[in-house]
Amino acid sequence: FRPRNGGGNGGKDDGGDAPLGGSDPLPWLKLPDLDFVEVAGQEKVTELGGLSPEEERLLLARLEDMVETLRAELKAGNIKSADAIRAELEGTMEKYGIRYDEGFQ
């Protein structure tokens, strides 16, 4: 065993102060995006376009209200109104990158 810092090369290391500093030994290896652990070099991806948790909660509540209104309009037979609500709902979902998979249970 030869330590990275101070071992055999006169104490010179090609990296910084990090335990494994220096150039990336495996530049071709890309680690998976894991949301439950922090991976060095992994970019942070925020949910729903960078909204704060409170803004996200309000957006989801608004979407749920739109769905309930859509159902009520369909039940009442107001097809034009339901179609306008559907278009607004789909536009809002697309704006924030929310997908709906039909048949999902």
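These numbers come from a predicted model, not from an experiment. In what follows, residues are counted from 1 in the order of the sequence shown.
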Contacts of D83 meeting side-chain hydrogen bond (donor to acceptor under 3.5 Å, both in side chains) (sequence neighbours excluded), chain-then-number -> R86
Which pairs of donor and acceptor atoms, one on a side chain in residues 64-72, lie under 3.5 Å apart (sequence neighbours left out)?
residue	atom	partner	partner atom	Å
E68	OE2	R71	NH1	3.1
T69	OG1	D65	O	2.9

Residue set satisfying salt bridge (charged side-chain N to carboxylate O under 4.0 Å, His left out) with E55, at least two apart, ordered chain then number -> none
Across all chains, not counting sequence neighbours, the salt bridge (charged side-chain N to carboxylate O under 4.0 Å, His left out) partners of E94 are none
Are T92 and L89 side-chain neighbours, meaning at least one heavy-atom pair lies under 4.5 Å? no
Rounded to the nearest 0.5 angstrom, the CG-CD distance for N78 and E73 is 4.5 Å
In this structure, would Y96 and L60 fall into the same cluster of hydrophobic residues linked by side-chain contacts under 4.5 Å?
yes
